[in-house]
Amino acid sequence: MKATQLVWLRNDLRLDDHPALALAAEQGPIQVVFCATPEQWQQHDESPAKLGLRAAVLQDIADRLAQLGIPFHLLEVDFFTDVPDELLKFCQQQNISELWFQAETPLDEQRRDQAVNNVLSKANINVHLLAEDLLVALPVKTQQDEPFKVFTPYYRRWLQILEDIQQAPYAEPKPQGKALKTDLLKCDWAGEFRDDLWPGNEQKALERVSAFCEIKLDDYKSQRDFPSKPATSTLSPYLANGQLGPRRLLATIQFYCGEANRDWRHDDWLRELAWRDFYKQLLLYFPRLSMGKAFKPETEKVIWREDEAGFKAWCEGKTGFPIVDAAMRQLNQTGWMHNRLRMITASFLSKLLLLDWRRGEQYFMQTLIDGEFAANNGGWQWSASTGVDAAPYFRIFNPTLQSERYDPQGLFIKRFVPELKDVPIKQIHNPPADLREQCGYPQPVVDYKQARKDAIAAFKDLPKD
DNA sequence: ACCTTATTGAA
DNA sequence: TCAATAAGG
């Protein structure tokens with residue numbers, strides 16, 4: 001009789017392409033557990049939308065596991081620090097001696113996993129802690145054995161390694177017996193989310209990957225920067241909860257690039273997946289990133305402004321800069337924001353309002369359905385010029401120019417800022433004062449030229465540590 | 001993964 | 001006036 005293998009799901013909520021599930025199932029019959037930690041999630045600013053999607057995904061998994069005859073258990077405690085004892089208790093009750101899970105890189109998660117490893121190992125439970133589930137989980141290091149601090153060289157090395165280690169997606173676990181009764185899970189912590197935009201269903205997520213690669217991969221590079229066009233994958237909410245596995249994404253890219261006779265290694269969307277790996281693995285080497293610290297120590301000396309009215313206007317999409325406001329309203333209404341707009345709004349907060357980038361980072365986490373610590377922190381520090389491979393401090397987005405370039409017809413603005421729906425194209429990017437008055441649209445909260453000068457001055461001559 | 005300003009030469 | 005280009009934040 002083979003020993004029962006317990007698979008602990010965390011941010012990898014799927015059955016397809018799941019290393020821990022697949023490898024555990026080779027060893028014996030499996031059971032699956034998820035441990036909710038709602039207080040901890042709140043401390044980490046996880047948004048209601050993200051938790052809502054998570055609950056839906058868990059229900060989908062529970063139902064499908066029941067069909068396969070695989071037992072699923074939902075545990076709940078308050079904090080990560082409560083998890084080791086809860087898992088130990090569960091293993092002892094169920095007489096389980098093998099536990100499988102995949103690493104996560106933020107510091108609190110690393111510490112939780114180490115504690116689980118210690119507590120369960122002491123109780124003679126074998127802990128199989130697999131690598132973080134990235135496309136390239138192996139260390140990607142320079143010739144000097146240092147972690148890369150710039151994306152482009154990281155990406156070159158990453159591509160080389162990826163070619164060597166290419167791994168096919170893992171198959172979904174096989175049926176393990178008669179179907180079990182399905183339970184309705186109790187997830188009091190779940191929040192509202194746009195399930196019309198992101199169904200909490202693994203099959204639909206996988207279909208979206210294929211549809212995106214088949215229809216949009218060719219034009220991704222040329223179209224991705226226009227927020228009014230549906231040119232991006234919109235898969236990030238599924239990546240954040242781990243509803244899609246990285247090998248499945250790579251295999252789908254390779255399949256459709258092959259069909260189109262293109263080299264998958266030059267695919268621009270794959271490059272975005274490399275950014276995801278880049279930011280996640282950085283947390284292993286630079287714990288200060290998980291501690292609210294800037295990557296560049298000298299930028300801790302920047303004196304950020306105190307401006308509650310400005311912050312509130314930014315959050316609510318009432319800054320008087322149409323593209324910024326449209327972007328923030330897209331975030332508030334859907335839980336998602338187009339990537340180009342994330343850069344524009346982050347630059348606006350950290351440079352033009354000169355507010356501490358951590359405030360923007362937090363608001364994004366509290367609102368985004370795809371909020372994910374590594375990428376969110378990485379993106380904000382890039383924008384604020386405090387991070388790895390950061391934009392130079394003087395690289396400040398001009399919201400009006402960005403708007404003219406990437407929303408030339410004002411279509412995106414009109415979709416989310418209805419006050420401006422009748423404003424002519426020529427004036428939509430920066431309407432004159434009297435027209436704003438007529439439309440009931442706010443005047444600009446900052447003077448762009450002056451704000452730009454102030455931002456450059458705030459960063460200039462910082463003492464090097 | 002940016003923007004401004006100065007300069008030049010053409011309309 | 002205006003587009004193209006270079007330099008520098």
Side-chain angles (χ1 to χ4, degrees), chain A residues 148-156 158-159 219-229 231-233 236 266-280 282 295-296 298-299 301-303 319 321-324 327 331 336-354 357 360-361 364 370 372 374-408 412 426 429-430 444 446-464:
Chain A
F148 286 96
K149 293 170 192 155
V150 177
F151 175 73
T152 306
Y154 168 86
Y155 173 57
R156 284 200 202 101
W158 180 90
L159 263 184
D219 297 325
Y220 178 72
K221 186 186 174 73
S222 65
Q223 302 299 306
R224 54 175 284 201
D225 272 321
F226 299 98
S228 68
K229 298 184 181 179
T232 62
S233 75
S236 50
H266 299 141
D267 185 75
D268 283 88
W269 191 56
L270 180 66
R271 193 166 183 275
E272 295 303 306
L273 296 176
W275 274 103
R276 178 172 178 273
D277 277 17
F278 179 57
Y279 282 138
K280 285 200 174 215
L282 267 178
F295 177 79
K296 291 184 177 177
E298 70 272 20
T299 62
K301 303 266 167 58
V302 171
I303 299 164
T319 64
F321 289 78
I323 194 69
V324 172
L331 171 62
W336 186 85
M337 192 197 288
H338 186 278
N339 180 255
R340 163 70 38 188
L341 302 176
R342 295 191 197 202
M343 292 190 278
I344 296 173
T345 53
S347 175
F348 191 88
L349 181 102
S350 58
K351 299 287 175 60
L352 298 182
L353 289 175
L354 204 54
W357 55 272
E361 179 196 16
F364 268 31
D370 64 17
E372 197 280 309
N376 190 50
N377 180 269
W380 272 96
Q381 294 221 45
W382 181 87
S383 291
S385 305
T386 65
V388 279
D389 201 11
Y393 70 90
F394 46 76
R395 186 174 288 169
I396 295 166
F397 283 61
N398 178 329
T400 309
L401 275 182
Q402 290 282 318
S403 184
E404 288 166 357
R405 200 173 297 154
Y406 298 113
D407 190 25
F412 184 81
K426 287 229 165 207
H429 307 289
N430 185 17
V446 289
D447 174 67
Y448 172 72
K449 280 195 158 188
Q450 189 56 47
R452 184 176 199 281
K453 277 185 196 146
D454 293 347
I456 289 171
F459 275 83
K460 234 175 113 179
D461 305 327
L462 288 176
K464 285 265 175 215

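Below, chain A is the first sequence line, B the second, and so on; all start at residue 1. Because only heavy atoms are used, hydrogens play no part in the values below, and waters and symmetry mates are left out as well, while side chains stay in.
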Problem - Per Trp382(A) side chain, nearest of listed nucleotides dG9(C), dT4(B), dA1(B) - result: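 Out of dG9(C), dT4(B), dA1(B), the nucleotide with an atom closest to Trp382(A)'s side chain is dA1(B).
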[X] has an atom [atom1]; how far is it from atom [atom2] of [N], in whole Å?
X: Ile456(A); N: dT4(B); atom1: CD1; atom2: C1'; result: 9 Å
X: Tyr406(A); N: dC2(B); atom1: OH; atom2: C1'; result: 9 Å
X: Lys351(A); N: dC2(B); atom1: NZ; atom2: P; result: 12 Å
X: Lys453(A); N: dC2(B); atom1: NZ; atom2: P; result: 22 Å
X: Lys449(A); N: dT5(B); atom1: NZ; atom2: C1'; result: 9 Å
X: Arg395(A); N: dC3(B); atom1: CZ; atom2: P; result: 9 Å
X: Phe459(A); N: dC2(B); atom1: CZ; atom2: P; result: 17 Å

Between [X] and [N], is there a contact of a side-chain N or O with OP1 or OP2 at under 4.0 Å?
X: Asn398(A); N: dC2(B); answer: no
X: Gln402(A); N: dC3(B); answer: yes
X: Arg405(A); N: dA1(B); answer: no

pair [X]-[Y]: side-chain heavy atoms closer than 4.5 Å:
X: Glu372(A); Y: Tyr279(A); value: no
X: Leu352(A); Y: Pro399(A); value: yes
X: Leu341(A); Y: Tyr406(A); value: no

Problem - Near-strand residues of residues 337-349 of chain A, defined as heavy-atom separation under 4.0 angstrom from DNA chain B - result: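 Heavy-atom cutoff 4.0 Å gives Asn339(A), Arg340(A), Met343(A).
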Exercise for the section: Using heavy atoms and a sub-4.0 Å distance, could you list which residues of residues 386-393 of chain A are near DNA chain B? By number, please. Expected result: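 Close to the strand, none.
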Practice task
State which residues pass side-chain contact (heavy atoms from CB on, under 4.5 Å) with Thr232(A); sequence neighbours excluded, sorted by chain then number.
Solution key: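 So Thr232(A) forms a side-chain contact (heavy atoms from CB on, under 4.5 Å) with Tyr220(A), Arg224(A), Thr234(A), Trp336(A), His338(A).
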Problem - side-chain contact (heavy atoms from CB on, under 4.5 Å) against Pro408(A), all qualifying residues, sequence neighbours excluded - result: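 Result, side-chain contact (heavy atoms from CB on, under 4.5 Å) vs Pro408(A): Phe226(A).
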Do any N or O atoms from the side chain of [X] and from the backbone of [Y] form a donor-acceptor pair under 3.5 angstrom?
X: Asp389(A); Y: Phe151(A); answer: yes
X: Ser383(A); Y: Gly379(A); answer: yes
X: Gln402(A); Y: Phe397(A); answer: no
X: Ser222(A); Y: Asp219(A); answer: yes

Practice task
Pick base, sugar-phosphate or nothing for Tyr448(A), based on heavy-atom distances below 4.0 Å to the nucleic acid.
Solution key: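 Sugar-phosphate contact only - Tyr448(A) comes under 4.0 Å of backbone atoms but never of a base.
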Please write out each protein N/O paired with an N/O of nucleotides 2-8 of chain C under 3.5 Å, distance rounded to 0.1 Å.
none

Exercise for the section: Could you pull out all residues at least two apart from Glu404(A) that satisfy salt bridge (Lys or Arg N to Asp or Glu O under 4.0 Å)? Expected result: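 Glu404(A) satisfies salt bridge (Lys or Arg N to Asp or Glu O under 4.0 Å) with no other residue.
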Practice task
Determine the interplanar angle of the Phe364(A) and Trp380(A) rings, folded into 0 to 90°, and report it as parallel if under 30°, tilted if 30 to 60°, perpendicular if over 60°.
Solution key: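 Perpendicular, since the angle between the ring planes exceeds 60°.
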Exercise for the section: Quick one: closest heavy-atom pair of Ala458(A) and Val302(A), and the distance? Expected result: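 Minimum heavy-atom separation between Ala458(A) and Val302(A): O-CG2, 4.1 Å.
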